[in-house]
Amino acid sequence: MKKVIVHDKSIEMTVLMTPDMVNFSGKVHGGAIMRLLDQVAYVCASRFSGHYVVTLSADQVFFRHPIHVGELVTFLANVNYTGKSSMEIGIKVVSENTRTRIRNHVLSSYFTMVAVDENSRPVEIAKVDITTNKDQERFESALQRKKMREQFWKK
């Protein structure tokens, strides 16, 4: 019997915002959201690659709306691009007021994660499947961001 390995490229995680996440202004602390973003990127990348992964970079973390205690925050993550050992994970964050049902697109960000072995050395990963127009659009946008990151590091 042949073993089939599934490379899940998307995950969704919803978290209740609790009082321990509040900053001095009474809103959910940006650092709490950053921590969750990194965890979501880790889960998405490690599930896809089948390896332990480390964070190389986080891009475009701009908060468009505040998040309040008691709201549900959903993280929608997707593998947009794969290199030899690296992956771009795109994450869309949506908050929801459970009483009013109003949803806000809080932010979208992009994490570059690198798959590593037991010795913390980069390991080769599978290529992400491009099966839809949306997949192609994400892939091409990820390539543009990769080029911009490379220009930044050359300075």
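Not measured: the values here are computed from a predicted model.
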Check the surroundings of atom NZ in Lys127: do more than 12 heavy atoms from other residues, nucleotides or ligands lie under 6.0 Å from it?
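More than 12 within 6.0 Å, yes.
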
I'd like to know whether CG of Asp20 has more than 12 heavy-atom contacts from other residues, nucleotides or ligands below 6.0 angstrom.
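Enclosed.
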
Just wondering, do [Y] and [X] contact through their side chains at under 4.5 Å, heavy atoms?
X: His51; Y: Val116; result: no
X: Val128; Y: Tyr81; result: no
X: Ser109; Y: Leu37; result: yes
X: Val53; Y: Met87; result: yes
X: His68; Y: Met17; result: no
X: Phe48; Y: Ile89; result: no
X: Val93; Y: Val73; result: yes

Test log, rule side chain to side chain contact (heavy atoms under 4.5 Å, CB included), inputs Gln39 and Arg35:
CA-CA 6 Å; Gln39 289 175 354; Arg35 181 173 184 260; 3.5 Å; yes

For the residue pair [X] and [Y], what are the closest heavy atoms and their distance?
X: Asp117; Y: Asn119; value: OD1-N, 2.8 Å
X: Asp135; Y: Thr132; value: N-OG1, 3.0 Å
X: His29; Y: Gly31; value: ND1-N, 2.7 Å
X: Val43; Y: Ser46; value: O-OG, 3.4 Å
X: Ile125; Y: Ser49; value: CG2-CB, 3.6 Å
X: Arg149; Y: Ala142; value: NH2-O, 4.4 Å

Separation of [Y] [atom2] from [X] [atom1] (nearest 0.5 Å):
X: Ser95; Y: Ile102; atom1: OG; atom2: CD1; result: 10.0 Å
X: Phe111; Y: Leu56; atom1: CZ; atom2: CG; result: 11.5 Å
X: Arg121; Y: Ser85; atom1: CZ; atom2: OG; result: 13.0 Å
X: Arg138; Y: Ile130; atom1: CZ; atom2: CD1; result: 10.0 Å
X: Asn97; Y: Asn104; atom1: CG; atom2: CG; result: 9.0 Å

If two hydrophobic side chains count as joined below 4.5 Å and joins carry through other members, does [X] share a cluster with [Y]?
X: Leu16; Y: Val106; result: no
X: Ile91; Y: Met34; result: yes
X: Val61; Y: Ile67; result: yes
X: Tyr42; Y: Tyr110; result: no

Assess the residue pair Thr131 and Lys9 against the criterion (side chain to side chain contact (heavy atoms under 4.5 Å, CB included)); give the C-alpha distance rounded to whole Å, side-chain angles, the decisive distance to 0.1 Å, and a yes or no.
CA-CA 12 Å; Thr131 56; Lys9 65 180 178 181; 4.1 Å; yes

Which residue pairs pass the salt bridge (charged side-chain N to carboxylate O under 4.0 Å, His left out) test with at least one member in residues 96-111, sequence neighbours excluded?
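Only Glu96-Arg103 qualify under salt bridge (charged side-chain N to carboxylate O under 4.0 Å, His left out).
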
Listed partners of [X] passing salt bridge (Lys or Arg N to Asp or Glu O under 4.0 Å), at least two apart:
X: Glu137; value: Lys134
X: Asp129; value: none
X: Arg145; value: Glu88

Hydrophobic cluster (4.5 angstrom, side-chain heavy atoms) - remaining members for Val94:
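For the cluster that includes Val94, the remaining residues are Leu76.
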
Apart from Val22 itself, what residues make up its hydrophobic cluster, given side-chain heavy atom links below 4.5 Å?
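Val69, which link up through side-chain heavy atoms under 4.5 Å apart, make up the rest of the cluster.
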
Determine whether Phe62 and Leu107 satisfy the following criterion, side chain to side chain contact (heavy atoms under 4.5 Å, CB included), listing intermediate values before the conclusion.
CA-CA 6 Å; Phe62 302 107; Leu107 66 91; 5.9 Å; no

Could you go step by step and tell me if Met113 and Val54 meet the side chain to side chain contact (heavy atoms under 4.5 Å, CB included) rule?
CA-CA 5 Å; Met113 309 298 283; Val54 294; over 6 Å; no

Identify which one of Thr14, Val40, Ile11 satisfies the side chain to side chain contact (heavy atoms under 4.5 Å, CB included) criterion when paired with Phe75.
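Passing option: Val40.
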
May I ask you to check whether Gln144 and Glu140 show a side-chain donor-acceptor distance below 3.5 Å?
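The criterion, which ignores hydrogens and geometry beyond distance, is not satisfied for Glu140 and Gln144.
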
